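Just so you know, these numbers come straight off a predicted model, no measurement behind them. Proteins come first, then strands; the chains are lettered A, B, ... in the order of their sequence lines, and each starts at number 1.
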Amino acid sequence: MKKGISRRDFLKYLGVGAAGTALLEGVSATPALAEENLHSFDLGPLKLKKTKETASGCSYCGCGCSIIVHSENDKVVFIEGDPDSPINEGSLCPKGMALTDVYTIVDKNRQRVPNPNRLTKVLYRAPGGTKWEEKTWDWAIPEIAKRVKKTRDEHFTEKDGKGVTVNRCMAICQMGSANINNEEDYIINKLMRGSLGVVDLDHCARL
Amino acid sequence: MTNSFVDYKNTDIFLIIGSNPAEAHPMAMRHIGKAKEKGAKIIVVDPRFTKTASQADIYVPLRPGTDIAFLYGLINYAIENDLYQHEYVNNYTNASYLISPDYNFADGVFSGLEEKDGKLSYNTASWAYQKDGDNIKKDPTLQDPQCVWQIMKKHVSRYDIKTVSQVTGTPEDILRKAYSTYCESGKPDKAGNLIYVLGITQHSYGTQNTRATTMVQLLLGNVGMPGGGLNPQRGQSNVQGACDMGMLWNNITGYLNVPDATKHPTYKDYLEVETPKAGYWSNKPKFLASLLKAWYGEKATKENDFCYDWLPKSDGKDHSHMSSYASLAEGEIKGVFCWAENPSVAGPDAKHEVKALENAEWMVCVDVFENETAAFWKRPGVNPADIKTEVFLLPAAHIYEKEGTRTNSSRHVQWRWKAVEPPGEAKSDLWIADRIFKAVRQEYRSGGKFTDPILNMVWNYDKPGQDEPDIEKIAIEMNGYNVADGRVLGTFGDLKDDGSTACGVWIYAGYYYIDPQEQNPLLKVPATKRHGTEDKSGLGVYPKWTFVWPLNRHIVYNRCSADPAGRPWKKDKALMAWDGTKWITNDVPDFGITDATTKAPIPPEKTANAPFIMLPEGQARFFVPSGLKEGPMPEHYEPVESPVKNLMSKQQNNPVAYRWKGEFAKLAETGSKEFPYVATTVHYIEHYQTGVRTRYSPMLVELMPEEFATISPTLAGKLGIKPGDDIIVSSARSEIKLKANVLPIVKPLNVNGSPIEIVSLPWSWGFMGLSQGAIGNELTPFVACPNVAVPEYKAFLCNVRKA
Ligand code: SF4
């Protein structure tokens with residue numbers, strides 16, 4: 001490992017995406033292995049030197065580790081803990097380390113290829129249907145909106161038994177989510193509660 | 001959490017109860033380890049000898065569901081041996097308050113229990129403080145038999161070590177050792193950190209369990225201290241944020257209660273009922289008016305009560321996850337949105353819940369992988385042709401394929417940037433919600449029921465040339481802005497109740513604000529995007545690392561880190577200190593330090609009597625005069641399914657626990673012969689919650705390929721089960737097949753003379769993914785805590801046999 005060069009120095013203030021990663025050439029990502037008493041081997045050229053680095057955060061437990069996502073040709077190839085973060089100081093647990101798998105997995109040729117199980121198309125299952133059908137967004141979104149309107153209009157209560165204005169719809173429920181961004185939850189809340197009058201609105205906070 | 005993970009390094013003694021950070025919060029364990037290296041002691045209280053327990057100085061085994069007995073034993077021990085923090089108790093709590101002479105506790109029941117329409121509930125009138133006009137009557141000597149201190153002392157005196165041991169099954173000497181060790185944190189300069197998670201909350205008296213933890217921390221003077229606090233570690237990456245955003249049936253956003261038809265038919269009623277005279281919540285009208293302004297824009301005016309009537313009003317009933325499923329079972333709910341959630345694996349009595357889902361006419365699921373909820377129509381054992389529900393499964397972007405914030409358990413609101421485009425046609429949840437809203441609005445342009453909020457909702461998130469909604473506009477709306485000029489607000493102190501400010505989530509005020517004083521160009525960005533790495537105080541505050549709500553305050557109730565005269569209890573770790581003329585602060589204070597108009601420093605005695613700013617009385621509550629469903633103080637009850645009778649009173653269970661009817665009423669009787677063992681649900685480090693993403697990860701599946709229950713060698717010996725055998729675990733609800741792991745990490749506990757076996761059951765598996773297994777939650781009971789409707793996952797009855 002080159003003396004006096006620390007990863008920390010290179011990975012400042014991401015968000016703009018790529019940091020000066022070319023400078024990392026020759027810098028081992030696993031400095032602990034350089035300890036004398038460990039088996040030593042030639043690390044070869046650093047595979048990550050050409051990757052784009054983006055600051056993000058782990059999407060699993062509530063610790064909220066900060067991560068650096070390495071991507072190449074718009075594919076996620078590696079994820080590591082952000083050494084700048086006081087929360088995890090560069091560490092990750094097995095789940096965080098495996099976050100890459102949601103995008104790409106290692107195939108038999110030891111190459112990272114897209115995770116074949118990711119949902120990449122809108123799927124629809126008709127009443128009584130025995131399989132998914134592939135659909136487009138242009139079809140699905142208006143179809144969903146029609147069902148929302150029909151259900152809401154059939155089951156909307158403007159005033160309750162005592163004559164109090166309640167403007168609610170108890171026939172639609174919204175579940176989720178603790179796994180998406182705040183801004184997303186915020187507008188889903190506006191959509192469901194603030195526009196449609198949904199009362200059965202909850203996520204898995206207690207589950 | 002009152003404190004942060006980084007603050008754990010300041011802890012002297014940990015009491016970890018109902019939490020296994022080594023598996024469920026690995027990075028928290030790292031910070032616990034750092035404190036341990038510096039000499040901190042660790043006490044772990046858990047039915048299982050967990051990986052966390054392996055790092056403990058004292059491991060306390062206890063029977064699932066007996067946490068109140070354990071914690072009350074601790075409180076009683078501290079009082080009897082005079083090991084509590086006197087000055088803290090006298091000054092910062094309601095110990096001296098006098099309670100109504102009508103208050104009473106007998107036979108395990110508090111005064112006020114009434115039966116109405118066959119349902120039990122409490123009338124809380126007799127729990128009230130005694131008043132003299134507006135003033136609460138107090139006895140600073142703590143001698144009056146009606147004062148909180150004496151009532152509490154008497155109440156907990158029943159929990160002596162011998163009795164506690166009989167209830168919990170913990171040997172008396174271990175209890176004594178744990179109690180005396182943790183009571184060291186009662187010394188003013190010692191910080192005790194109480195960490196808990198779902199092992200405390202997931203009970204039919206979960207809220208009272210958390211109350212007991214609070215009482216311990218107040219008694220020992222640990223709340224507000226660096227290295228102290230009450231730290232319920234949140235399970236999911238953004239469960240904190242989802243609650244903050246109001247993804248709850250009972251809050252709109254920022255913990256503002258939802259309008260209720262009976263309690264608040266009008267805006268005026270809402271403000272009157274919901275706004276206390278004192279404490280920070282006295283600002284509530286500003287928060288609500290600004291929220292309505294953010295949502296309904298120009299249409300929301302002072303004259304029309306800011307369109308208060310456009311918000312739905314609740315019927316006063318519970319509408320949590322479980323109640324929604326009960327409504328589905330009754331055919332009342334016709335349409336379901338299931339957004340990045342997998343209730344078919346996560347919900348209690350999962351087999352009956354998923355059956356109820358068949359009553360939905362349509363369901364929209366949004367996820368990155370096909371989960372068990374979206375695929376419920378083809379689950380094992382059903383004929384898809386019989387299930388009439390239409391299902392839309394929408395492909396979502398994963399976190400690094402979009403941008404936005406998530407809030408961790410320490411309340412850090414951290415921006416996550418976009419690294420790559422989502423694969424195929426997957427879209428961000430922001431895009432999906434935006435398009436659904438617009439399509440619904442389009443439908444309503446030609447008329448329909450109550451179109452006002454749909455047609456007029458503020459939804460101006462388009463950005464020319466961009467397919468994604470403009471997240472910055474959404475962030476500013478959440479953060480709050482001045483309506484006249486759009487100026488982004490720096491603090492919720494700027495919010496007004498007259499419609500001149502708009503703010504979607506008041507507690508997030510400041511998260512998208514750029515500090516004009518900031519000199520470093522790299523930090524001159526919205527607060528949530530900051531990556532400042534400086535920690536000048538050395539206390540682990542890192543004030544410029546992202547943004548912490550509220551107001552970038554890392555440790556809440558921080559006035560309590562110093563004594564009434566402003567001297568820090570812990571001299572070497574001073575968070576707040578009065579130097580004789582002014583306050584020296586190492587975090588954002590939650591008390592007045594300078595007068596708003598004169599700018600003169602506010603001396604410590606002015607804030608010493610009201611450090612708990614969210615409470616109208618300003619002092620923390622050992623005794624809660626109203627608001628809780630099952631008593632002003634906790635009391636030990638048995639789980640709804642228990643192998644034994646309640647030793648503490650005739651009242652077997654929480655009298656007001658939530659129970660449901662029909663299919664959801666299946667329960668084993670007390671001391672059931674059919675289901676003789678106690679089951680508790682658990683997590684492993686490799687699989688996250690319902691396993692949707694982790695069971696599709698080859699790496700994690702390789703690490704943890706298969707589902708297994710853990711039983712003790714004694715139980716295995718009795719049943720002839722060897723490690724690796726297939727076993728059937730059954731409960732009154734269902735039975736599931738999985739592998740047996742035989743390890744003495746669970747051992748039978750001697751409960752009042754009889755050995756009770758414990759079965760440790762994972763719940764992260766289902767019928768989809770690379771690793772498939774039975775759904776553990778098919779076994780869990782459909783009963784819940786009446787305050788927050790948390791299901792009783794952590795203690796129920798089961799049986800085990802060889803498959
Ligand atoms: S890396 Fe592990 S410890 Fe960190 S947030 Fe993710 S799941 Fe939690």
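Counting heavy-atom pairs closer than 4.5 Å to chain B, the top residue among A:Pro86, A:Ala145, A:Gly129, A:Gly64 is A:Pro86. Put simply, of B:Tyr542, B:Tyr793, B:Tyr400, B:Trp415, the one with the most heavy-atom pairs under 4.5 Å next to chain A is B:Tyr400. Between chain A and the options B:Pro698, B:Ala24, B:Ser409, B:Ser323, the largest number of non-hydrogen pairs under 4.5 Å is found for B:Pro698. Taking B:Met29, B:His25, B:Glu361, B:His687 one by one and counting their heavy-atom pairs under 4.5 Å with chain A, the maximum is reached by B:His25. Of the listed residues (A:Arg118, A:Lys75, A:Glu143), the greatest number of heavy-atom pairs within a distance under 4.5 Å of chain B belongs to A:Arg118. Ranked by non-hydrogen atom pairs under 4.5 Å with chain A, the options B:Lys313, B:Gln414, B:Met247, B:Arg435 are led by B:Met247. No other option in B:Cys338, B:Ala426, B:Ala261 has as many heavy-atom pairs under 4.5 Å with chain A as B:Ala261. Comparing B:Ser4, B:Ala374, B:Cys785 by how many heavy-atom pairs each has under 4.5 Å with chain A, the most go to B:Ala374. With respect to chain B, the highest number of heavy-atom pairs below 4.5 Å among A:Thr130, A:Asn73, A:Leu123 belongs to A:Leu123. Ranking A:Lys162, A:Lys135, A:Arg168, A:Glu184 against chain B, the residue ahead of the rest is A:Glu184, based on heavy-atom pairs under 4.5 Å. Heavy-atom pairs under 4.5 Å with chain B peak, among A:Pro114, A:Gly81, A:Ser91, A:Ser71, at A:Ser91. Ranked by non-hydrogen atom pairs under 4.5 Å with chain B, the options A:Val198, A:Asp200, A:Ile67, A:Val166 are led by A:Asp200.
Listed here is the closest heavy atom pair of A:Cys93 and B:Met27: N-CE, 4.1 Å. Among all heavy-atom pairs drawn from B:Ala340 and A:Ile180, the shortest one is CB-CG2, 3.7 Å. Here the closest non-hydrogen pair linking B:Arg530 and B:Val525 is CG-CG2, 3.8 Å.
Only the side chain of B:Glu401 comes within less than 4.5 Å of a heavy atom in chain A; its backbone stays farther off. Heavy-atom distances place both the backbone and the side chain of B:Pro265 under 4.5 Å from chain A. With a threshold of 4.5 angstrom between heavy atoms, B:Leu703 approaches chain A through side-chain atoms but not through N, CA, C or O. Within the 4.5 angstrom heavy-atom criterion, no atom of B:Ala360 approaches chain A. Looking at B:Gln202, only its side chain comes within 4.5 Å of chain A, counting heavy atoms on both sides. Interface residue B:His412: only side-chain heavy atoms are found under 4.5 Å from chain A. Contacts between B:Asp315 and chain A at a heavy-atom distance below 4.5 Å involve backbone atoms as well as side-chain atoms. If you measure heavy-atom distances from B:Val788 to chain A, the contacts under 4.5 Å come from both the backbone and the side chain. With a 4.5 Å cut-off on non-hydrogen atoms, B:Ile252 touches chain A through its backbone and its side chain both. With a 4.5 Å cut-off on non-hydrogen atoms, B:Val336 touches chain A through its backbone and its side chain both. Both the backbone and the side chain of B:Val458 come within less than 4.5 Å of a heavy atom of chain A. With a 4.5 Å cut-off on non-hydrogen atoms, A:Lys131 touches chain B through its backbone but not through its side chain. Looking at B:Lys438, neither its backbone nor its side chain comes within 4.5 Å of chain A, counting heavy atoms on both sides. Proximity to chain B is limited to the side chain of A:Asp160, based on heavy atoms less than 4.5 angstrom apart. Contacts of B:Lys334 with chain A are made by both backbone and side-chain atoms, with heavy-atom separations under 4.5 Å. When heavy atoms are compared at a cutoff of 4.5 Å, B:Arg30 approaches chain A solely by way of its side chain, counted from C-beta outward.
Side chains of B:Thr407 and A:Asn182: a donor-acceptor N/O pair is present below 3.5 angstrom, by distance only. Side-chain contact of B:Tyr696 with B:Glu370: a donor-acceptor pair under 3.5 Å is absent, judged by distance alone. A donor-acceptor contact closer than 3.5 angstrom is absent between the side chains of A:Ser66 and A:Asp82. In this structure, a donor-acceptor pair under 3.5 Å is present between the side chains of B:Asp434 and B:Trp459. Checking B:Arg693 against A:Ser59 by side-chain atom types alone, a donor-acceptor pair falls below 3.5 Å. For the residue pair A:Glu80 and A:His70, a side-chain donor N or O sits within less than 3.5 Å of a side-chain acceptor on the partner. If you check the side chains of A:Asp153 and B:Tyr444, you find a donor sitting under 3.5 Å from an acceptor.
Remark: aromatic rings of B:Phe392 and A:Trp132 are distant, center separation not under 6.0 Å.
Ion pairing between B:Glu477 and A:Lys190 holds under the 4.0 Å rule for side-chain N and carboxylate O.
A:Glu154 places no side-chain N or O within donor-acceptor distance of the main-chain N or O of A:Phe156, the cut-off being under 3.5 Å. Listed for the A:Glu183 side chain is a donor-acceptor partner under 3.5 Å among the backbone atoms of B:Thr405. Looking at A:Asn115, its side chain never comes within 3.5 Å of a backbone N or O of A:Ile105 through a donor-acceptor pair.
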Throw together a table of side-chain donor-acceptor distances under 3.5 angstrom for residues 94-103 of chain A, partners on residues two or more places apart or in other chains.
unit_1, atom_1, unit_2, atom_2, d
A:Lys95, NZ, B:Ile685, O, 2.5
A:Thr100, OG1, A:Ile79, N, 3.4
A:Asp101, OD1, A:Arg112, NH2, 2.8
A:Asp101, OD2, B:Ser697, OG, 2.7
A:Asp101, OD2, B:Met699, N, 3.0
A:Tyr103, OH, A:Asp74, O, 3.3
A:Tyr103, OH, B:Glu421, O, 3.0

